[in-house]
Number of protein chains: 2
Amino acid sequence: MVTMKDIAKAAGVSSATVSRAMKGSGYIGKDMKTKILSIADSLGYVVDANAQSMRTGTTNTIGVIVCDIRNSFFSMVLMEMIQELKESGYTVVLGYSNEDGATELSNLKMMLASRVAGIIFTPVSNENESYIHSLHGNGIPILQLYRRAYEELNSIVVDDERGAYLATSHLIQNGHTDILMLGVDSDISPNRTNGYMTAMNEAHIPIKKNLMLKFQPNEDIKIEVRNVIERCRPTAIVAGTNTFGLDVFAVCHQLGLHVPNDISLVVFDDVPWVQSFDITAIAQPVGGITVTAIHTLINWIKRAGMENAEVVSMKIEPKLISRCSVKNIRKIT
Amino acid sequence: MVTMKDIAKAAGVSSATVSRAMKGSGYIGKDMKTKILSIADSLGYVVDANAQSMRTGTTNTIGVIVCDIRNSFFSMVLMEMIQELKESGYTVVLGYSNEDGATELSNLKMMLASRVAGIIFTPVSNENESYIHSLHGNGIPILQLYRRAYEELNSIVVDDERGAYLATSHLIQNGHTDILMLGVDSDISPNRTNGYMTAMNEAHIPIKKNLMLKFQPNEDIKIEVRNVIERCRPTAIVAGTNTFGLDVFAVCHQLGLHVPNDISLVVFDDVPWVQSFDITAIAQPVGGITVTAIHTLINWIKRAGMENAEVVSMKIEPKLISRCSVKNIRKIT
DNA sequence: AGTCGATGTGATAACGATTACTTTTACAAT
DNA sequence: ATTGTAAAAGTAATCGTTATCACATCGACT
């Protein structure tokens with residue numbers, strides 16, 4: 001590898017001058033600068049980011065941990081983040097927690113070893129609290145995205161409760177009362193089922209416990225959903241994640257049920273397959289929220305040292321996108 | 001941040017001893033080792049991977065560049081890779097080329113700056129040849145995955161031509177002759193349409209040029225597909241990527257056509273939505289190929305210095321998974 | 001003429017972990 | 001008692017970059 005020393009030798013100057021030419025900082029002669037840059041270019045010089053960060057004590061690396069890449073929603077989020085971070089000059093170190101706390105922890109440790117300048121992650125649970133705190137104590141800005149497991153940490157989330165409320169209300173407005181809610185079971189966000197309950201209560205529809213279920217985010221729920229559909233015959237379903245929505249379709253296919261004629265469906269997250277199959281969806285604003293998250297984090301990084309005591313906790317409004325997967329079954333009056 | 005020096009001071013030894021205790025290499029007393037490790041633990045010590053790599057001249061970082069994360073297939077590939085690399089002790093730096101050569105190049109440069117130990121990527125085109133060569137010249141093992149843009153570089157790909165052949169043959173066996181091929185247009189892999197042609201020729205079915213199309217991998221092909229379907233009324237479609245498959249469904253929905261009754265469909269890549277909607281698919285073996293790719297790359301890294309002149313170029317067999325999206329329209333004889 | 005300040009460059013010391021080399025210690029073999 | 005040898009631990013240099021300090025040059029102004 002070509003180093004600054006090599007360039008210095010070729011240009012007949014010291015490596016300090018080469019450094020100044022590269023960064024454009026400090027006093028550097030105009031001619032010398034162009035000369036050095038052209039030599040560097042011809043030798044194929046590339047900075048050693050590791051050496052750079054060791055000397056400066058800072059890196060331009062951001063750690064990102066996603067909980068589930070199979071869920072297209074998180075793929076979209078990841079894509080947006082990478083693009084935005086790259087534009088801001090950051091390198092992304094990627095971890096994958098697979099909804100598992102221990103894996104999340106080992107990823108966090110790896111990122112600390114890489115001396116990341118900040119971390120964005122979708123927490124799996126709140127079981128890594130002490131470690132997260134030690135990171136925070138080390139001055140590493142941490143941002144929770146889409147889930148808020150740690151109250152005292154910065155977070156940007158979508159109002160899931162509101163989303164479930166919108167979905168359920170929409171179904172109620174279309175005449176449905178036997179609505180199956182496939183919620184996410186997690187000590188972090190029991191919110192989606194709350195929204196369901198609010199909408200049902202508001203419409204004075206009694207809630208049947210058999211129709212309000214909670215599952216692990218990465219659970220295969222086909223068998224249970226099939227049982228519920230056969231036993232309770234709901235006329236509509238709210239799928240709390242888009243993978244749950246896929247499972248619903250698989251079950252409907254097994255049972256010969258058609259959406260929306262036999263059963264209506266609203267799905268969380270407006271991902272490509274949901275769009276192509278024209279499914280009514282609760283859209284979480286991926287683009288906006290992601291860019292906001294990145295810029296927020298970068299701001300925290302830049303004013304390191306300043307105590308940013310205030311915990312930022314943003315909550316973003318989801319939208320219902322009405323498409324063709326909901327049938328109006330209201331009796332004509 | 002806690003350094004080895006801090007631990008050394010606390011333990012009353014030199015930092016060299018601390019280093020030996022950490023690595024377990026060289027001569028180190030048993031008691032001293034446990035003592036040092038416990039002190040390190042209580043102080044919350046974490047190695048500085050940057051300092052480590054500067055000193056040793058090697059990193060345990062692998063660069064991964066994906067071309068399209070929206071395509072669930074690549075999400076699955078990425079997920080597998082991260083898990084496998086993590087198990088092998090590597091850190092992943094992620095780049096996203098978005099099917100764009102210039103973006104690919106800037107990602108490659110970033111990775112060189114990070115002094116990655118190796119690169120796995122799905123090339124966009126062969127336009128970055130000279131830069132790729134310079135990386136190779138710098139002794140960085142590079143592996144092309146799923147696409148082979150650079151002949152002289154190691155590659156692991158699936159036999160796309162064979163996949164298209166399987167898909168087309170399957171449709172022909174089910175009585176279809178007017179088969180629309182939605183291929184991928186790229187100077188890298190014109191193979192999928194080749195397989196289509198082979199199958200058609202074998203069955204002595206004349207190929208209509210209107211039915212053999214090529215598109216950019218990330219192109220929105222809905223309008224063109226709609227036009228072709230309306231004009232040519234094919235009875236079956238081979239979607240060369242699963243995003244093309246989604247577009248086909250969107251168009252069918254617009255036109256009121258149902259799969260498989262009105263039109264049959266075979267899709268490339270056995271991703272979650274394809275499984276849930278019970279679509280006949282050409283499955284590329286994600287798990288196997290990915291693990292193979294990782295291990296291959298790690299082997300190259302480990303025996304750096306040895307000239308590994310032979311270019312590894314693996315081609316893996318795709319499989320047709322027969323499901324419910326193909327209708328048998330053969331006349332009963 | 002002499003002082004000041006602005007500018008250009010060199011020399012050098014870190015950053016934190018590793019390692020070749022050296023020193024010390026312990027203990028066995030002669 | 002002396003030498004030999006292996007284990008344990010210390011010393012210091014090194015990786016590539018950059019920040020700090022020092023030095024030199026030049027023009028301008030009192």
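Just so we're on the same page: letters track the sequence lines, and every chain starts at 1. As the structure is a prediction and not an experimental result, all values here were calculated from the model.
- Rounding to the nearest 0.5 angstrom, the gap separating the OG atom in Ser155(B) from the CG atom in Leu143(B) is 7.5 Å.
- For the pair Met54(A) CE and dA17(C) P, the interatomic distance rounds to 9 Å; values are reported in whole Å.
- Within the structure, salt bridge (Lys or Arg N to Asp or Glu O under 4.0 Å) contacts touching residues 47-59 of chain A (residues at least two apart or in different chains) are Asp48(A)-Arg115(B).
- Scored by the side chain to side chain contact (heavy atoms under 4.5 Å, CB included) test, Met54(B) finds Ala51(A), Met54(A) as partners (sequence neighbours excluded).
- The distance from atom OH of Tyr27(A) to atom P of dG10(C) is 17 Å, rounded to the nearest whole Å.
- At a threshold of 4.0 angstrom between heavy atoms, the contacts of Gly29(B) are confined to the sugar-phosphate backbone, with no base atom among them.
- For the pair Thr122(A) (side chain) and Leu145(A) (backbone), a donor-acceptor distance under 3.5 Å is present.
- Cation-pi check for Lys109(A) over Tyr131(A) is met; the charged atom lies under 6.0 angstrom from the ring centroid and within 45 degrees of its normal.
- We find the CD-OH distance between Glu104(A) and Tyr96(A) to be 13.0 Å, quoted to the nearest 0.5 Å.
- A search for ring-ring contact (aromatic ring centres under 6.0 Å, His included) contacts involving Tyr146(A) returns Phe73(A), not counting sequence neighbours.
- Of the residues in residues 12-25 of chain A, those lying under 4.0 Å from DNA chain C by heavy-atom distance are Gly12(A), Val13(A), Ser14(A), Ala16(A), Thr17(A), Arg20(A).
- For the atom pair CD1 of Ile142(B) and CH2 of Trp300(B), the computed distance is 10.0 Å after rounding to the nearest 0.5 Å.
- Considering CD1 of Ile65(A) and CG of Leu108(A), their distance stands at 4.0 Å, rounded to 0.5 Å.
- Sorted by residue number, the list of members of residues 31-39 of chain A with any non-hydrogen atom under 4.0 Å from DNA chain D is empty.
- Boundaries of the chain B contact region on DNA chain D are dA7(D) to dG16(D), first to last in 5' to 3' order (nucleotide atom under 4.0 Å from a heavy atom).
- What separates NZ of Lys5(B) from C1' of dC15(C) is a distance of 9 Å, to the nearest Å.
- The minimum heavy-atom distance between Ser114(A) and Asn50(B), with the atom names listed, is O-ND2, 3.7 Å.
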